[in-house]
Amino acid sequence: TYGKSNFDPKHYVDLSLKSNLSTTVEAFDKLPKTENGSVSVKDFEGFIGKYFNDAGDDVVYAEPVDFVPEPHGFLPKVENPEVRGWALEVHALWKNFSRKVSSSVLHHPELHTLLPLPRPVIIPGSRFTEVYYWDSYWVIRGLLASKMYETAKAIVTNLIFMLDTYGHVLNGARAYYTNRSQPPLLSAMVYEIYNRTGDVEFVKKSLPPLIKEYRYWNSDIHELIIRDAEQCNHFLNRYYAMWNKPRPESSTIDEELASKFLNDSEKQQFYRELASTAESGWDFSTRWMRNSSDFTTLSTTTILPVDLNIFILRMELDIAFLSKTVGENAITEDFLRASQKRQKAFSSIFWNENMGQWLDYWLNNGADCEEPQTWKAENQNQKVFASNFVPLWIDLFNSDIHLVEKVTKSLKNSGLLCAAGIATSLTNSGQQWDFPNGWAPLQHMIVEGLSKSASMEARTVAKDIAERWIKTNYVAYKKTGAMHEKYDVEKCGEFGGGGEYTPQTGFGWSNGVVLAFLEEFGWPKDKKIDCN
């Protein structure tokens with residue numbers, strides 16, 4: 001009906017029904033159609049107006065219980081009045097993006113794709129009017145800087161509700177996201193909240209769900225065995241969506257991409273790769289393509305990603321720590337053992353001594369999940385991505401000063417460090433998780449890892465990256481009046497582009513990372529904040 005230009009399939013699947021589905025389908029079937037089956041814009045818009053509510057009608061504003069315009073002890077290291085004023089504006093955005101589901105979602109869930117979450121949420125902004133899984137970690141880091149502890153806990157409560165209801169934390173709170181998860185950071189959220197609040201009851205309630213999530217990620221479809229050069233078996237993880245059709249929220253785009261495949265089984269496999277890439281959070285990037293100039297060679301399910309395995313290592317360490325906090329010592333020992341095994345796998349499967357980076361590992365195509373695959377050096381993906389440096393985020397790695405110095409040197413020589421932050425990759429493919437885009441979560445994990453180390457050099461690099469990132473966010477905000485989902489790291493003060501939807505503003509994780517950086521590094525009174 002609309003052709004390519006005016007249609008975002010997500011907007012359409014986010015509309016809620018005014019009456020039951022069968023009545024709506026019947027009405028659609030009666031609309032006059034052209035020979036190719038399409039409907040005129042006038043008829044279609046009349047049908048939408050009669051049978052659907054507006055997008056966004058299923059979420060309503062929720063006043064955060066713990067928001068104050070200037071919290072006591074807010075960002076004590078920020079002395080520059082200009083920067084402080086901006087930080088308070090970013091802090092105020094939590095209030096703007098606080099929502100809860102409408103009563104209709106709770107009473108008539110069958111009319112909505114939005115899921116009936118029990119507590120208020122912070123939405124990312126723009127086209128994203130629902131809570132997202134991995135975004136929530138950085139939203140929570142910002143909320144903690146804003147002293148909004150109850151709002152942070154409510155987000156975790158909602159994610160645990162999804163885990164209890166569906167068996168895993170969903171990609172986001174929509175019915176069409178039930179087929180996949182997203183980078184698993186729930187344990188990290190619980191750890192950070194406990195770290196600030198000392199709330200032991202919160203830990204007690206969260207521990208059983210965290211163990212359930214750990215089992216989900218270490219189940220058959222996500223887990224594979226790699227045998228290293230010393231004949232040692234390592235259990236490692238991959239992304240794998242339970243879906244082999246077009247993603248409803250991107251259906252027209254997915255169908256067009258898959259039209260290149262002639263047989264159904266190839267199409268279904270490609271649809272699974274698309275959904276599995278969405279599960280990775282990096283949708284889309286040359287990182288997941290066998291041939292970086294051909295999008296249809298997406299092969300995410302045949303990759304053992306460095307960052308996913310770091311998130312699961314972090315989960316093991318977090319669960320060990322949290323269970324010790326509540327006196328569950330047997331659980332602590334089990335998870336410490338698991339973390340030690342995974343740490344060994346990082347040395348023998350992912351680490352590349354020559355590059356001084358950890359590299360994703362390509363699996364052999366069509367290999368059996370249950371049989372161990374033998375490690376081969378040539379299966380490491382030697383292309384440079386920001387994810388190659390994410391292991392620094394974990395204390396096991398950032399506490400080894402010799403390792404940190406080697407990896408810091410590699411990062412400085414990698415080509416990823418740009419005028420306004422860390423680029424996602426070195427390939428300018430037009431995909432959003434590639435050059436020249438920089439994303440808040442990647443800046444944060446790498447900077448936080450470097451700044452925790454005992455190496456002066458690493459800490460200096462961390463501070464430099466954080467300052468560049470703060471500046472580009474500030475300048476873009478002053479120019480556009482908004483925070484952005486991603487930034488162009490080649491040019492200070494420019495937001496990013498590319499990918500399958502227009503650039504978004506808001507924006508949850510960007511706000512969270514700016515506040516976390518300002519809390520950690522501050523901004524001296526006389527230090528300028530511009531692009532020069």
Side-chain angles (χ1 to χ4, degrees), residues 131-144 149 152-164 166-171 181-219 222-223 235-237 239 279-281 305-343 346 390-398 441 444-445 448-449 452 509 512 516:
V131 74
Y132 281 81
Y133 182 6
W134 80 311
D135 298 50
S136 295
Y137 173 79
W138 288 280
V139 167
I140 285 171
R141 290 297 299 261
L143 288 169
L144 295 176
Y149 307 134
K153 286 180 199 171
I155 293 172
V156 169
T157 302
N158 285 323
L159 299 179
I160 289 174
F161 167 81
M162 291 199 256
L163 179 56
D164 287 341
Y166 302 98
H168 59 280
V169 184
L170 309 186
N171 180 143
S181 187
Q182 245 191 345
L185 290 165
L186 185 60
S187 70
M189 300 178 210
V190 174
Y191 173 87
E192 298 295 350
I193 291 170
Y194 171 73
N195 220 6
R196 291 292 176 111
T197 64
D199 186 339
V200 177
E201 277 311 303
F202 176 69
V203 173
K204 270 187 192 154
K205 270 198 305 211
S206 305
L207 198 54
L210 292 180
I211 293 168
K212 182 178 181 176
E213 185 186 37
Y214 181 75
R215 290 195 186 117
Y216 168 77
W217 279 100
N218 289 283
S219 64
H222 288 115
E223 188 175 70
F235 291 82
L236 292 164
N237 306 77
Y239 292 110
E279 182 170 68
S280 80
V306 166
D307 47 4
L308 172 61
N309 283 280
I310 275 296
F311 299 144
I312 295 172
L313 173 56
R314 164 119 203 211
M315 204 190 292
E316 289 161 347
L317 295 164
D318 288 338
I319 293 173
F321 172 83
L322 295 166
S323 50
K324 191 177 181 185
T325 304
V326 296
E328 295 277 5
N329 294 336
I331 297 175
T332 298
E333 282 167 29
D334 284 350
F335 278 87
L336 280 177
R337 265 196 301 276
S339 71
Q340 284 154 4
K341 284 182 188 163
R342 196 174 297 269
Q343 189 182 1
F346 268 84
V390 164
L392 287 172
W393 194 41
I394 302 292
D395 291 348
L396 282 176
F397 298 116
N398 65 44
H444 183 259
M445 287 184 285
E448 186 161 77
K452 280 182 176 176
W509 61 18

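Owing to the predicted nature of the structure, the values given are computational and were not obtained by experimental measurement.
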### Task
Run the numbers on Ile310 and Phe397 for side chain to side chain contact (heavy atoms under 4.5 Å, CB included), then give the verdict.
CA-CA 11 Å; Ile310 275 296; Phe397 298 116; 3.7 Å; yes
### Task
Determine yes or no for a side-chain-to-main-chain donor-acceptor pair under 3.5 angstrom, with Asp135 supplying the side chain and Val131 the backbone.
no
#### Entry: Residue pair Gly281 / Pro183: nearest heavy atoms and the distance that separates them
N-CD, 4.0 Å
### Query
Does the side chain of Phe235 come within less than 4.5 Å of Asn218's, by heavy atoms?
no
### Query
Where do Leu144 and Ala152 come nearest, in terms of heavy atoms and distance?
CD2-CB, 4.3 Å
### Message
Nearest 0.5 angstrom please: Asp334 CG to Arg337 CZ, how far?
### Response
5.0 Å
### Task
Could you tell me whether the side chain of Ser339 and the main chain of Leu313 form a donor-acceptor pair under 3.5 Å?
no
## Note on the structure
All heavy atoms of Arg314 vs all of Ser187, minimum pair found to be O-OG, 4.2 Å
### Query
Do Glu333 and Leu336 come close enough that some side-chain heavy atom pair is under 4.5 Å?
no
## Note on the structure
By ring-ring contact (aromatic ring centres under 6.0 Å, His included), Phe202 pairs with (sequence neighbours left out) none
### Task
Run through Tyr132, Trp138, Tyr137 and flag the one making a ring-ring contact (aromatic ring centres under 6.0 Å, His included) with Trp134.
Trp138
### Query
Of all heavy-atom pairs between Leu322 and Leu210, which one has the smallest distance, and what is that distance?
CD1-CD1, 3.7 Å
### Summary
The reported gap from CZ in Arg196 to NZ in Lys153 (rounded to nearest 0.5 angstrom) is 13.0 Å
### Task
Please name the residue in the list Leu207, Asp318, Asp199, Val156 that meets the side chain to side chain contact (heavy atoms under 4.5 Å, CB included) test with Val190.
Val156
## Note on the structure
On a heavy-atom basis, the closest approach of Ile312 and Pro184 is CG1-CG, 4.2 Å
### Query
Does some side-chain heavy atom of Phe335 sit less than 4.5 Å from a side-chain heavy atom of Ser323?
no
#### Entry: Arg342/Glu223 salt bridge by N-O under 4.0 Å criterion
no
### Residue pair Ser181 / Asn171: nearest heavy atoms and the distance that separates them
O-CB, 3.6 Å
### Task
Answer whether the closest heavy-atom distance between the side chains of Leu317 and Asp395 falls below 4.5 Å.
no
### Query
So among Trp217, Tyr214, Tyr216, which one has a ring-ring contact (aromatic ring centres under 6.0 Å, His included) with His168?
Tyr216
### Query
So do Val200 and Tyr194 actually touch side chain to side chain, heavy atoms under 4.5 Å?
yes
### Query
Which value, rounded to the nearest 0.5 Å, describes the distance between Leu236 atom CG and Asn309 atom CG?
5.0 Å
### Message
Looking at Lys205, I'd like to know if its NZ atom is crowded, meaning that more than 12 non-hydrogen atoms belonging to other residues, nucleotides or ligands lie closer than 6.0 Å.
### Response
no
#### Entry: Side-chain heavy atoms of Glu448 within contact of Asn398, under 4.5 Å
no
### Message
If you count heavy atoms of other groups shown closer than 6.0 angstrom to NZ of Lys212, is the number above 12?
### Response
yes
### Message
For a side chain to side chain contact (heavy atoms under 4.5 Å, CB included) check, start with the C-alpha distance between Met162 and Tyr133, then their side-chain angles and the critical distance, and finish with the verdict.
### Response
CA-CA 10 Å; Met162 291 199 256; Tyr133 182 6; over 6 Å; no
### Query
Given the rule in the side chain to side chain contact (heavy atoms under 4.5 Å, CB included) test, do Ser136 and Leu159 qualify, once you have shown the distances and angles that lead to the verdict?
CA-CA 9 Å; Ser136 295; Leu159 299 179; 4.2 Å; yes
### Query
Which is it for Ile319 and Ile331 under the side chain to side chain contact (heavy atoms under 4.5 Å, CB included) test, yes or no, and what are the steps along the way?
CA-CA 8 Å; Ile319 293 173; Ile331 297 175; 4.1 Å; yes
